[in-house]
Amino acid sequence: QVQLVESGGGLVQAGGSLRLSCAASGRTFSGYRMGWFRQAPGKEREFVAHISWSGLSTYYADSVKGRFTISRDNAKNTVYLNMNSLKPEDTAVYYCAAGRGPNYSGSAADYDYWGQGTQVTVSS
């Protein structure tokens, strides 16, 4: 079992920045690839970013590429999402997720553990 707790969400104006954190406990954090997803009201959960267990490989949704950066600190059992140049359409509940296996996936079905989510609201 892996327990995930997100933090860092909040209200920010368009063009602003936020840094989300996801603290993990339980099984060895470094053995899991990690992802960030988001879900806006009335919409399906969508992939945002992925990072491999080593941190050497990252993938991003086209909608956030160049604005968001995912990183991890395995010594601190924490994964981060730095969000810059935020837009109103980035408003959503953001979830971190942990997945077993070595390969990248942008599908929520391929992740085994989820946090409770943190709200990000971007005002125009």
Side-chain angles (χ1 to χ4, degrees):
Q1 283 280 355
V2 175
Q3 293 78 42
L4 303 172
V5 179
E6 302 96 335
S7 61
L11 174 64
V12 63
Q13 287 189 330
S17 299
L18 281 174
R19 187 194 202 198
L20 304 184
S21 299
C22 174
S25 60
R27 287 188 171 268
T28 304
F29 173 73
S30 60
Y32 290 84
R33 52 184 171 77
M34 299 296 295
W36 284 96
F37 289 76
R38 67 187 182 186
Q39 187 165 17
K43 295 188 176 181
E44 292 188 353
R45 191 168 298 190
E46 66 173 359
F47 168 75
V48 174
H50 168 276
I51 189 166
S52 62
W53 67 269
S54 66
L56 295 179
S57 296
T58 57
Y59 297 90
Y60 297 92
D62 288 342
S63 59
V64 306
K65 204 171 293 183
R67 300 188 298 121
F68 290 12
T69 302
I70 188 171
S71 61
R72 67 189 296 164
D73 186 337
N74 287 342
K76 295 183 178 180
N77 288 354
T78 303
V79 62
Y80 305 97
L81 186 69
N82 283 289
M83 306 186 294
N84 298 316
S85 302
L86 282 161
K87 305 175 182 179
E89 51 264 44
D90 294 318
T91 295
V93 177
Y94 283 71
Y95 299 89
C96 72
R100 291 182 286 251
N103 299 320
Y104 153 74
S105 175
S107 171
D110 292 329
Y111 289 79
D112 304 287
Y113 303 102
W114 292 82
Q116 83 291 346
T118 185
Q119 176 71 47
V120 171
T121 303
V122 184
S123 63
S124 57

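Only heavy atoms go into these numbers, but all of them, side chains included; no hydrogens, no water, no symmetry mates.
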Distance (rounded to the nearest 0.5 Å) between Gln1 CD and Ser25 OG = 10.0 Å

Shortest non-hydrogen contact from Ala24 to Phe29?
-> CB-CD1, 3.3 Å

Please name the pair of heavy atoms, one in Met34 and one in Ile70, separated by the smallest distance, quoted to 0.1 Å.
-> O-CD1, 4.1 Å

Cluster question for you: counting only ILVMFWY and a side-chain heavy-atom cut-off of under 4.5 Å, with indirect links fine, are Trp53 and Val2 together?
-> no

Answer whether the closest heavy-atom distance between the side chains of Leu81 and Arg38 falls below 4.5 Å.
-> no

Would you name the heavy atoms of Ala40 and Thr91 that are closest together and state the gap between them?
-> CB-O, 3.7 Å

Does the side chain of Tyr80 reach to within under 4.5 Å of the side chain of Thr69, using non-hydrogen atoms?
-> no

Shared hydrophobic cluster, Tyr95 / Val48 (ILVMFWY, side-chain heavy atoms < 4.5 Å) = no

Identify whether the distance between the nearest side-chain nitrogen and carboxylate oxygen of Lys87 and Asp90 falls below 4.0 Å.
-> no

Is there a path of hydrophobic side-chain contacts, each under 4.5 Å between heavy atoms of I, L, V, M, F, W or Y residues, that connects Trp36 with Tyr113?
-> yes

Ignoring hydrogens and angles, tell me if any N or O in the side chain of Arg33 forms a donor-acceptor pair with the backbone of Tyr104 under 3.5 Å.
-> no

Shared hydrophobic cluster, Leu20 / Tyr60 (ILVMFWY, side-chain heavy atoms < 4.5 Å) = yes

Shortest non-hydrogen contact between Thr78 and Lys76, atoms and distance | OG1-O, 2.8 Å

Take Phe47 and Tyr59, measure what ring pair (Phe, Tyr, Trp, His ring centres under 6.0 Å) needs, and give me the verdict at the end.
-> CA-CA 10 Å; Phe47 168 75; Tyr59 297 90; 8.1 Å; no

Correct closest heavy-atom pair for Leu86 and Arg67 would be CA-NH1, 3.9 Å

State whether the side chain of Gln13 and the backbone N or O of Ser123 hold a donor-acceptor pair below 3.5 Å, judged by distance alone.
-> no

Between Tyr94 and Phe68, what is the ring plane arrangement, given parallel below 30°, perpendicular above 60°, and tilted in between?
-> tilted

Might you confirm whether atom NZ of Lys43 has over 12 heavy atoms from other residues, nucleotides or ligands at distances under 6.0 Å?
-> no

Distance-minimising heavy-atom pair for Val120 and Gly9 | CG2-CA, 4.1 Å

Donor-acceptor contact below 3.5 Å, side chain Glu6 vs main chain Gln116 | yes

Interatomic distance, CG@Asn82 vs OG@Ser21, rounded to 0.5 Å, equals 8.5 Å

Mark yes or no for whether Asp112, through its side chain, and Arg100, through its backbone, hold a donor-acceptor pair below 3.5 Å.
-> yes

Answer yes if Phe37 and Met83 sit in the same cluster of Ile, Leu, Val, Met, Phe, Trp and Tyr residues linked by side chain heavy atoms under 4.5 Å apart, and no otherwise.
-> no

How long is the span from the CZ atom in Arg72 to the OG1 atom in Thr58, to the nearest 0.5 Å?
-> 12.0 Å

